[in-house]
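Okay, structure first, notes after.
Below, chains carry the letters A, B, ... as their sequence lines are ordered, and counting in each starts from 1.
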Amino acid sequence: MQSITESLNKQQAQAVTAEPKSALILAGAGSGKTRVLTSRIAYLLQQNMAHPSEILAVTFTNKAAKEMLARLQNMIPINPRAMWVGTFHGLCNRLLRLHHQEAGLPSTFAILDMSDQLGVIKRVMKANGIDTEEFKPREVQNFINRCKEEGKRASEVYSKFSKDKAYIQIYAMYEAVLQREGACDFAELLLRAYELLSRNEMIRHHYQERFRFILVDEFQDTNVLQYEWLKLLAGLGEKNPPNAVFAVGDDDQSIYAFRGANVGNMMSFVQEFRIGEPIRLEQNYRSQGNILDAANALISNNSERMGKNLWTDAGKGEKIRANRSDNDFDEARFVCSTIQEYIDKGVSPEDIAILYRSNAQSRLFETELTRRGIPFMVYGGLRFFDRAEIKNAMAYMRLAENPSDDSAFLRVVNVPARGIGAKSIENLVDFATTNGISLFESMQYIRGAAANKFAAFKEIIDTLRVAKDEMPLPAFVDFTVEKSGLRNMYELDPNGSERIENLQELTSAAQGFIKEEAIDTENSDGTAVENLSALAGFVSHASLEAGENQAQVGQDAVQLMTVHASKGLEFDIVFITGLEEDMFPHFRSKNDKKALQEERRLMYVAITRARKELYLTLAEERMLQGRSFSSYPSSFLTEIPGETLKWLSRNPFESRYEAEDEDSWGSRSGSNKNYSSSYRNSSCGGSTKPSGHRFASNVPEWAKGIIETKKEKLQTQKIRAKQNSDSPYKAGININHEKFGPGVILDTQGAGDDMVLIVKFKTGGIKNLLARIAGKKITIL
DNA sequence: TCTGCGTCTTTTTTT
DNA sequence: AAGACGCAGA
């Protein structure tokens with residue numbers, strides 16, 4: 001115990017050795033937050049207050065989780081296996097895998113990332129004839145995610161606005177599709193896990209008994225659902241006292257409201273868990289005085305803070321330096337030449353960071369650094385698991401794992417090209433939606449030219465399904481790349497060599513995964529325990545932990561990243577770039593007081609990343625989406641005390657009278673107006689497509705039946721139909737279908753469970769119905 | 001069915 | 001500026 005607390009300051013020690021009940025730690029930037037968290041766990045274990053299996057620790061990134069474990073193992077010798085440490089998403093995934101049955105999911109459920117999710121939404125909308133011009137899939141996606149983050153299913157959302165009503169209907173259809181495909185999007189992981197716990201008393205009590213100590217990092221970034229999940233797990237209102245929740249957060253660093261984070265959770269936590277007084281960590285061990293003064297001054301412009309003032313006993317240090325260049329190219333040149341000077345003086349590149357508000361800004365710095373031969377690393381660019389070739393290979397593996405994963409199916413059914421074109425796929429999708437089965441299963445019912453093509457694809461997937469149980473994961477990855485034809489495809493592509501390398505890298509990733517994350521059986525106490533197969537683990541790993549490791553690869557390099565990505569990191573020398581009004585703060589935030597305050601917190605985060613030296617840079621003119629704009633300096637610059645700041649260029653806030661005429665300064669926003677009004681014209685006025693129906697609850701126009709084209713096929717079908725003499729369904733019989741109404745059976749094919757009815761409905765369309773499914777909905781007239 | 005070309009949109013941030 | 005998407009022609 002001595003060793004754990006001995007080098008802590010008073011407040012830190014107070015937090016670490018607090019009584020084993022719930023507590024809130026308000027930890028300012030650079031105040032030793034991670035240290036306190038890990039020390040707390042070490043303390044609990046060492047004092048025998050807790051057994052490792054009783055500890056649940058939630059972080060926001062996988063990186064943070066890993067770091068926590070690593071530091072912990074440095075402090076005390078323990079086997080971290082028994083603890084649950086991870087992100088909300090990772091832990092929920094784990095919970096759902098263990099209890100998939102109770103959660104209503106197949107053990108092999110797929111995890112959809114953002115682009116998969118968008119794809120499903122587009123598919124759902126198309127299948128139901130919803131105009132994607134009028135209802136933008138992106139907005140639908142946001143709507144759905146927002147609902148889920150508030151814990152609401154489609155049936156629980158109400159709105160009087162017609163647009164919302166439409167969204168709600170799409171949400172409902174989307175829910176149904178996900179359920180059928182056995183897939184979860186990110187928010188679904190949380191919502192499902194929440195529902196699992198709240199509905200299943202046994203499971204809930206089990207985990208409530210188990211996790212007596214819950215530690216939460218970055219508590220200010222939790223959303224409504226996550227907080228509810230925590231309350232459930234802690235047994236608030238059920239258990240007296242509830243489990244000890246040790247929440248660490250900083251309201252001033254809340255920068256994820258845009259994705260549903262709710263700072264209000266901190267206040268609620270204090271009330272609901274009856275926290276007396278939060279423990280404040282205000283001594284900053286990171287930054288020099290000037291930097292800290294600037295950060296404090298800036299953030300004091302925000303209202304509704306919990307209140308906290310960072311101090312340091314380090315000296316004032318260098319003044320912050322500001323520089324305004326003529327344009328963005330010059331800005332990049334200024335930043336990089338300054339970096340060059342530091343490197344020449346012996347500073348190592350990895351201690352230098354370039355921060356920007358949005359990803360698009362990185363390009364100029366990249367080219368300039370390349371030109372100078374300075375090594376650099378871009379965080380959060382295209383992530384390894386987001387690369388097309390990797391996603392393709394993963395899709396094959398997902399299908400091997402879970403053939404009803406339609407997203408994966410659609411991604412690779414014709415990659416490499418197998419002559420399965422849009423039309424065949426459309427037919428297949430129609431058949432699948434009409435009958436409510438997966439695309440994979442539907443393949444066998446397709447006749448005609450496409451049948452052989454589908455059979456070839458099915459053969460590949462079937463082979464993979466067998467292979468996955470017969471070889472170790474890395475070998476299976478390799479086999480997949482081979483058998484799918486992806487390797488061959490990229491080998492034939494003259495530009496494919498990098499993709500081949502990446503696919504090779506995927507095999508090593510699988511190897512690394514096995515080594516590091518070795519998935520083991522849980523729970524010695526006999527509750528529902530299930531082994532996650534290595535493949536299932538790897539597949540979800542690819543969705544959930546996409547590429548955070550790659551950042552560590554390029555060791556000694558200048559670090560480039562968005563301000564968001566920089567949270568939790570620190571560097572000797574930091575450049576905050578693009579400090580222009582409408583850029584940072586971003587123009588989409590400027591008319592919303594709350595959003596503007598979040599921008600300010602973002603700036604606060606950026607400033608507090610710096611240990612020794614801080615540069616603030618901006619440009620008068622900047623290329624944006626192909627156009628050039630002039631701009632005002634960021635209003636945040638005026639909130640930084642003059643005595644901490646030194647302008648290397650002319651100070652744009654002095655001598656305003658001699659500044660350029662208003663026109664050139666204001667033209668950024670002027671042009672913007674033009675831009676948005678012309679945008680409006682095109683989307684409101686000149687819509688070329690008639691935006692007629694919103695919901696075609698009946699038959700989608702494009703659904704024209706599958707087999708009507710070829711006469712010869714009809715012939716063979718007629719022969720088949722004769723074999724079905726024991727079935728009540730025969731050509732020529734009139735029927736009525738619950739959903740599609742009256743119709744006549746044109747033909748049948750197949751027999752028994754596989755029997756398909758080809759029905760012409762009065763409403764116009766010809767549909768192919770699987771007899772065993774449609775049977776319940778059909779009456780013979 | 002596939003390919004290439006032209007048009008349109010986009011990004012603020014991410015588990 | 002770059003990527004997604006749709007369309008037309010091979």
Give [X] one of three labels, base, sugar-phosphate or nothing, depending on what nucleic acid heavy atoms sit under 4.0 Å from its own.
| X | answer |
| --- | --- |
| A:Ala187 | nothing |
| A:Asn414 | sugar-phosphate |
| A:Lys122 | sugar-phosphate |
| A:Glu599 | base |
| A:Arg601 | nothing |
| A:Met623 | nothing |

Review point. So A:Glu389 and A:Asn502, side chain to side chain donor-acceptor pair (under 3.5 Å) or not? Walk me through it.
Key: CA-CA 8 Å; A:Glu389 62 275 20; A:Asn502 285 331; 2.7 Å; yes

[X] [atom1] to [N] [atom2]: how many Å, rounded?
| X | N | atom1 | atom2 | result |
| --- | --- | --- | --- | --- |
| A:Phe587 | B:dT11 | CZ | C1' | 9 Å |
| A:Tyr256 | B:dT15 | OH | P | 7 Å |
| A:Glu426 | C:dG6 | CD | P | 12 Å |
| A:Phe88 | B:dT15 | CZ | C1' | 11 Å |
| A:Asp386 | C:dA4 | CG | P | 12 Å |
| A:Leu118 | B:dT11 | CG | P | 10 Å |
| A:Phe629 | B:dT11 | CZ | P | 16 Å |
| A:Leu624 | B:dT12 | CG | P | 9 Å |

Check your understanding: For DNA chain B, whose closest nucleotide is more 5', that of A:Lys453 or that of A:Ala360?
Key -> A:Lys453

Revision key, fill the gap. Note: for A:Arg418 and A:Phe186 on DNA chain B, the residue whose nearest nucleotide lies more 5' is A:Arg418

Review point. After noting the C-alpha distance and the side-chain angles of A:His564 and A:Phe258, does the key distance pass the ring pair (Phe, Tyr, Trp, His ring centres under 6.0 Å) rule?
Key: CA-CA 12 Å; A:His564 281 89; A:Phe258 72 91; 5.6 Å; yes

OP1, OP2 of [N] versus side-chain N and O of [X]: anything below 4.0 Å?
| X | N | answer |
| --- | --- | --- |
| A:His586 | B:dT12 | yes |
| A:Arg138 | B:dT10 | no |
| A:Thr562 | B:dT12 | no |
| A:Asn223 | B:dT15 | no |

Practice item. Applying ring-ring contact (aromatic ring centres under 6.0 Å, His included), name anything that partners A:Tyr171, two or more places apart in sequence or on another chain. Key: none

Exercise for review: Under the side chain to side chain donor-acceptor pair (under 3.5 Å) rule, what do A:Asn265 and A:Thr222 come out as? Steps first, then yes or no, please.
Suggested key: CA-CA 7 Å; A:Asn265 285 349; A:Thr222 52; 3.0 Å; yes

Check your understanding: Do A:Gln220 and A:Gln253 have side-chain atoms, one donor and one acceptor, less than 3.5 Å apart?
Key -> no

Review point. Less than 3.5 Å between a donor and an acceptor, one on the side chain of A:Arg357 and one on the base of B:dT13, is that the case here?
Key: yes

Check your understanding: Going by modelled atom types, is there a donor-acceptor pair between the base of B:dT13 and the side chain of A:His564 at under 3.5 Å?
Key -> yes

Exercise for review: Answer yes or no: does atom NZ of A:Lys231 have more than 12 heavy-atom neighbours from other residues, nucleotides or ligands under 6.0 Å?
Suggested key: yes

Check your understanding: Rounding to the closest angstrom, what is the interatomic distance between C:dA4 and B:dT13 at atom P?
Key -> 15 Å

